[in-house]
Asker: 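Here it is, the structure in full.
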Amino acid sequence: MSRTRRPSPQAVAVLQALVAEPDRWRYGYELCIELGVQAGSMYPILMRLADRGLLETSWETDPAPGRPPRHLYRLTGSGRSFAASLEPDAEASRSSAGRPRPRLRTDGAS
Amino acid sequence: MIVLLLAAIAIVLCIVAARMWRRRRRGVDVPVRLVVRALRWLPADRREWAHAMLAELAYIDGRSGRWRYAIGAVRVALLPPTRHPRGTAVVAVTGLLIAATAAIAVHLRIPTLTVFVAVLGVAVCLYATVRVARARGRADLSLPYVLVAATALAAIAATIAAFVRVAVLHPAATTDSTHIYAIGFALILTGYIVIALRPPLPARRTGATVLWWALGGALCGYAAWGVAALRTPPELGGTIGYLWVVGAATTATAAIGTAVSTRSSAACIRAGVLTAILTSPAHVALDITTMLNQHHYTLSSAYDLTAYPRSGYPDIASYLLSDAIGGEIFGLVFYPIVLLTISMICAALCGRPSRRDLERPINT
């Protein structure tokens, strides 16, 4: 029997960000910058979502020259349903860390 | 002794600086090194995520951003999401209860050791919790791993027992109003446990070779010290100098033996460090036991003759043992640094420079 626990505000923010463009593959640092979440928090969230079957992962097929392919993420069908079922209270967590972030090099991003 | 310590630290720093310089020439900065190192701690079933985090770092500009990202990766590596949170919580709560009970019991019988026992209990509990949180499937309990773990824990237990004997026989010797020594000693012993119980190197044969050589080196050291302790009349400093020579010899033997067997610098250093971790607590336990077996304590140096009357200690034994305990706690840090230096020199002379596994997380 699995118990469904309500995700943390940061996880809710990640789900909301992913469900906003459900077909688009996103990468981890892009989500970090968009949501103002540190990598040390973002990746455990992504791991948990993937463990629960809410997130599908893939590797970039056409990476930037001289750079390794990145890991990409988007919600599965059940992930989209789960994200839609959550109350949109992610705004608070989105705005909680609105510090300026380091510039992201976007060349080669999918 | 201080000169030896400074020389050892200088050698280690030179070797580390030379390695860093080589890596910098290859365009590898510290955040990449940090992430590679940290992500290797991730459990095998999280390895894909390690590759993902490392690949992402290649797209991050700016030193501060790269450092922040690297620190985040270290955090993920130390505390990855657990698949069995209930078991982790049980271990944490049980460990804290045991630590609290032990601290209360010790406070009632040997109050001078209360802080030490409390800090040691909490630190070991934290370590056990992290190990359980990171555990995946059944642990690989090979024979050499179990023997090394048992030997390390026995040596640490012997050290603690020796300190308890001092606290019972000469309570004033273990009085520590600042608690700095108590906390430091507890954290150092926890560090020993963490290093001794590290999972073996992934390559099964190399991992076992390291463990066997370290265990063999440590047991040879114990045997030599046992003979020395039996043959030498108990007096302050009687066998202490000899212990150092034996420790250095056994560490060098284990490191060289591992290097010759595996042709790996990393395995060589690891065997040397493990030998040091296995021998240092036994060294301390033997030292303190030797001191406690004395029948008469006398002040021999001019400094002690001047300082003792003003020290506030009730007797000479407490004064000398307190001083010796401080030195032994310092030695638990100093001794492995010297032995690590010996291992690194052996690795440089005998081991093949290990293929830098920077690429390993991506290419494997």
Side-chain angles (χ1 to χ4, degrees), chain A residues 1-3 5 7-8 10-11 14 25-33 35-73 97 99-110, chain B residues 26-29 31-32 34-36 38-39 41-86 88-89 130 133-134 136 358-364:
Chain A
M1 187 182 72
S2 64
R3 189 163 56 96
R5 205 173 52 177
S8 66
Q10 283 185 329
V14 173
W25 289 100
R26 312 288 295 272
Y27 50 92
Y29 197 61
E30 178 189 18
L31 290 167
C32 289
I33 289 180
L35 301 174
V37 176
Q38 296 286 349
S41 302
M42 175 60 70
Y43 280 92
I45 289 171
L46 295 173
M47 289 180 198
R48 286 195 196 94
L49 293 177
D51 288 347
R52 293 173 64 181
L54 303 177
L55 190 74
E56 62 177 316
T57 64
S58 175
W59 286 97
E60 203 173 28
T61 52
D62 187 21
R67 292 175 195 275
R70 275 181 291 195
H71 211 209
L72 305 170
Y73 315 101
R99 297 194 309 264
R101 311 293 302 171
R103 190 170 63 83
L104 176 71
R105 180 181 293 160
T106 52
D107 50 342
S110 61
Chain B
R26 289 186 304 198
V28 179
D29 64 358
V32 171
L34 195 60
V35 171
V36 168
L39 295 179
W41 303 334
L42 274 174
D45 62 338
R46 298 284 192 201
R47 205 49 58 82
E48 186 183 24
W49 291 93
H51 293 210
M53 293 190 75
L54 185 60
E56 200 77 70
L57 183 58
Y59 293 84
I60 300 172
D61 281 335
R63 184 176 289 184
S64 65
R66 292 176 68 78
W67 271 103
R68 266 204 299 271
Y69 186 87
I71 290 166
V74 172
R75 182 179 152 193
V76 175
L78 284 176
L79 288 170
T82 177
R83 292 222 162 103
H84 29 80
R86 193 170 295 176
T88 307
V130 170
R134 295 167 51 83
R136 297 289 184 276
L358 276 174
E359 302 84 9
R360 212 192 295 164
I362 294 176
N363 293 339
T364 52

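Quick note on labels: first sequence line is chain A, next is B, and so on, each numbered from 1.
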Asker: For residues B:Val76 and A:Pro44, report the shortest heavy-atom separation together with the two atoms involved.
Answerer: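 The answer is CG2-CD, 3.7 Å.
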Asker: Report the C-alpha separation of B:Tyr59 and A:Tyr29 in whole Å, then their side-chain angles, then the decisive distance to 0.1 Å, and conclude whether the ring pair (Phe, Tyr, Trp, His ring centres under 6.0 Å) test is met.
Answerer: CA-CA 9 Å; B:Tyr59 293 84; A:Tyr29 197 61; 10.0 Å; no
Asker: Tell me which one of B:Glu56, B:Arg75, B:Arg46 satisfies side-chain contact (heavy atoms from CB on, under 4.5 Å) with A:Tyr43.
Answerer: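 Going through the options one by one, the only one that passes is B:Glu56.
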Asker: Of the backbone (N, CA, C, O) and the side chain (C-beta and beyond), which part of A:Thr57 lies under 4.5 Å from a heavy atom of chain B, both, or neither?
Answerer: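 Side chain of A:Thr57 only, per the 4.5 Å heavy-atom cut-off to chain B.
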Asker: How about B:Glu48 and A:His71: do any of their side-chain heavy atoms sit closer than 4.5 Å?
Answerer: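 A side-chain contact exists here, since the closest heavy-atom pair is under 4.5 Å.
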Asker: Show the nearest heavy-atom pair for residues B:Ala58 and A:Pro68, with the distance to one decimal.
Answerer: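 Smallest interatomic distance, heavy atoms only, reads CB-CD, 3.6 Å.
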Asker: When the ring planes of A:Tyr73 and B:Trp49 are compared, do they come out parallel, tilted or perpendicular, using 30° and 60° as the limits?
Answerer: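 Taking B:Trp49 first and then A:Tyr73, their aromatic rings lie parallel (interplane angle under 30°).
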Asker: Distance check, rounded to the nearest 0.5 Å: B:Leu54 atom CG versus A:Arg70 atom CZ?
Answerer: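 Interatomic distance, B:Leu54 CG to A:Arg70 CZ, rounded to 0.5 Å: 13.0 Å.
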Asker: So for A:Leu46, is it side chain, backbone, both, or neither that comes closer than 4.5 Å to the heavy atoms of chain B?
Answerer: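 Both parts, backbone and side chain.
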